[in-house]
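Below is one structure, written out as structure tokens; the observations come after it.
To find a chain, count down the sequence lines: A is the first, B the second, and so on, and within it residues start at 1. On a predicted model such as this, the values are computed, not experimentally measured, just so you know.
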There are 2 protein chains.
Amino acid sequence: MKEKPSVSQLSGVKEIARRANVSIATVDRVIHNRKGVSEATKEKINGIIKEIGFQPNILASRLASKKTNRFAFLIPNANETDYWDASLKGIERAHQEIKQYGIQLDKYLFDLNDKATFTKNVNEIAKGDYDGIVMAPSFIEEATELAARCQSRKIPYVFINSDIPGKNNIAYIGPHLYQSGCQAGQLVRFGLKRGKVLIINISREIDSYHHLLRKEDGFRHYIEDSNTAANHIAIEKMDITNTTDESVSVALDTFLKNHTDIDAFFVTNSRVRSVATYLRTHASPHRILIGYDLSGENIKYLKDGTIDFLIGQKPEEQGYAGLMALFQHVVAGSTVIKNQYMPIDIITKENFEFYKN
Amino acid sequence: MKEKPSVSQLSGVKEIARRANVSIATVDRVIHNRKGVSEATKEKINGIIKEIGFQPNILASRLASKKTNRFAFLIPNANETDYWDASLKGIERAHQEIKQYGIQLDKYLFDLNDKATFTKNVNEIAKGDYDGIVMAPSFIEEATELAARCQSRKIPYVFINSDIPGKNNIAYIGPHLYQSGCQAGQLVRFGLKRGKVLIINISREIDSYHHLLRKEDGFRHYIEDSNTAANHIAIEKMDITNTTDESVSVALDTFLKNHTDIDAFFVTNSRVRSVATYLRTHASPHRILIGYDLSGENIKYLKDGTIDFLIGQKPEEQGYAGLMALFQHVVAGSTVIKNQYMPIDIITKENFEFYKN
DNA sequence: CCGTTTTTCGGGTACGTACCCGAAAAGGGC
DNA sequence: GCCCTTTTCGGGTACGTACCCGAAAAACGG
């Protein structure tokens, strides 16, 4: 460690003021384009700023301004899967890093099985006078309304985990659903030359725009496109709207009695564990099973070989990146990438322990 | 945005000074355990610090101290593959984030095919009086020597990409080589029920401790452990120490004439492109090909189906994490996790475009 | 007890930026 | 020209921490 050389004077408002023959205060006015500066001096100062490539010292800036920003987070609670728990951890990690800059953070959690809790939180947030919002728009209509409110109040907002196209969100951070389905298709194709695969959607509400269906699309198209006369894979599908283990078990049992020739299963979300539970207890020859997310249960079945592949969607990273995108936009004022697709991670028994959500 | 409430006085040196009935300067002495404070007041102040959970404001701290830290980076140049180019990008991204804190960074690049360039850089670095070093210890002996020098001068250092066990590095950031080989084994096993697989090491120097061999070990053990009478995979291997495309081609050609029954190839590093080039031009029925790293060429062959899987090692992330580990240790003074294994990423035609190095 | 050294401490200024307040300059109406 | 409003600007202080310098207090030696 050594003393910082006086090089620091080469940038900074002081230097700009010196070169422009004005005071620091005037330079400051130009930087924050506040009024009270003549056109002439403004131009001169802006010229110098560009010339020396002035970048304000965020440390000093934040320190002096004493500004506080309040952000809100709206995501599902971690009731049934630990997917959203990971997301929360990412949020908290990000908050830890930026709270020095005067960032306050309020978290609002809703129940995925209860729209009303979402609406209630939306109203709470509307009262809160926030400088930015990160949300998982699980309920499309309700989320759209919140987005509209933000829009009219000029509050920036970020979507994570699933997207609503055509909105004015400053960023979407989450998986590319269609491509993610393709990936699952490739894995099935690699392990199964010909045969039959069953797509399973397990979710309380499966309306026509549900994001699970976008994964199904990707999967379906991949398999169909890669089918040849010699190597042909047929596709079956089923939707299960009752999400308990038992009803999944019953539904599967019924289905498999009529379709004894299923070689592979693709479950479009983290509920793959329910399918694994069934397959494990109904010991049959091993069939390929692919699903989503690294919950504790899923990992258990990955370990014992019931599940072959899990596709990871980086919930922790999503939470982190969501808050950071807001921070970049609001505090640093820099432009953020609008669509930040998470990597489509392929997780197996062999690599899961090195996986970072 | 609103004014920060005066809550800020509840923490901070000023508050501590008030509670302890001493001056700010005295509190400061205790915090930096400088001498000149009586045992009694020191204890009192330390008590208050713990009580209110004082955390210094890094912004103000760095701003006031004008401390500069100089770090050095020692990694291979990006001559033949863009693997190390990605690493460099990660380093620069990290530097961008922390240079506000007064971090200077010097980069030293060596030639993987020329030990002398490594040694030369080591000597340069030794002269440089750095506060921390991040290095890729590609040449074990020479790196060990540098580590020893750092040790005696109490300069913290971090290994990235490959490890030398038993050293006093503050962190290792890179792949778990053995497990990474296992992963490749799992993929081969998934796509190939029985047959023969060829392991290929391509590197100028392959001494007995070379990290490529640790991948080979993992691969070998996975295949052997999962072999059954019904589903048996045999293993062949070859080392190629002349790394040009032509010599790889020649070596392969010779080998495959004597072994016509190879169903799959596992190349232990990014040179997989050389093998892909050969396989593509010598059109035979598709054989499974697995290798490492997302260089432009490798991606090309992934796209056209010559390569089935690439295993990613996150070079960009390694660079980023390497510098950050040093920063955490030196500036923030926090403890860093010693072994930070990178995820073992499985990359295919379907997910490569969302992959982040 | 006094002079001297050593220990212990507080005042004050600095870091780079933000922003208040009041002064100087410029413009405008008579 | 004078007075008044508006525009344009500079001085100065603050943010929370670091650290210099000198003063007060304690310890010591005789």
- Can any side-chain N or O of Y101(A) pair as donor or acceptor with the backbone N or O of L63(A) at less than 3.5 Å? no
- Could you give the angle between the helix axes at the two ends of the helix from dC1(C)-dG30(D) to dC30(C)-dG1(D), with five pairs per end, rounded to 10 degrees? 50°
- note: N57(A), atom CG; dC15(D), atom C1'; distance rounded to Å ~ 13 Å
- Message: Please list, in numerical order, the residues of residues 32-41 of chain A that have a heavy atom closer than 4.0 Å to any atom of DNA chain C.
- Response: H32(A), R34(A)
- Note on the structure: When rounded to whole Å, the NZ to P distance for the pair K42(A) and dT7(D) reads 13 Å
- Query: When the aromatic ring centroids of F73(B) and F71(B) are compared, is their separation below 6.0 Å?
  - Reply: no
Give every pair of a protein N or O atom and an N or O atom of nucleotides 10-14 of chain C that lie under 3.5 Å apart, one pair per line with the distance.
| unit_1 | atom_1 | unit_2 | atom_2 | d |
| --- | --- | --- | --- | --- |
| dG10(C) | OP2 | S23(B) | N | 2.5 |
| dG10(C) | OP2 | S23(B) | OG | 2.9 |
| dG10(C) | OP2 | T26(B) | OG1 | 2.8 |
| dG10(C) | N7 | R29(B) | NH2 | 2.9 |
| dG10(C) | O6 | R29(B) | NH1 | 3.2 |
| dG10(C) | O6 | R29(B) | NH2 | 3.4 |

- Query: Side chains of N161(B) and Y83(B): is there a donor and an acceptor less than 3.5 Å apart?
  - Reply: yes
- Task: Could you pull out all residues at least two apart from K356(A) that satisfy side-chain contact (heavy atoms from CB on, under 4.5 Å)?
- Result: M342(B), P343(B)
- Item | Validation row, ring centre Y157(A) to ring centre F159(A) under 6.0 Å | yes
- Message: Counting only side-chain nitrogens and oxygens, does K67(A) get under 4.0 Å of the OP1 or OP2 atom of dC19(C)?
- Response: yes
- Can you pull the salt bridge (charged side-chain N to carboxylate O under 4.0 Å, His left out) pairs that have at least one residue in residues 143-154 of chain B, sequence neighbours excluded? E145(B)-R149(B)
- Electrostatic pair K89(A)-E92(A), nearest N-O below 4.0 angstrom: no
- Query: For the pair made of CD1 in I52(B) and P in dG16(D), what is the distance, rounded to whole Å?
  - Reply: 13 Å
- Task: Anything under 30° is parallel, anything over 60° is perpendicular, the rest tilted; go ahead and classify H176(B) against Y341(B).
- Result: tilted
- Query: Is R70(A) salt-bridged to D129(A), cutoff N-O under 4.0 Å?
  - Reply: no
- Note on the structure: Here the salt bridge (charged side-chain N to carboxylate O under 4.0 Å, His left out) pairs for residues 26-45 of chain B, sequence neighbours left out, are D28(B)-R34(B)
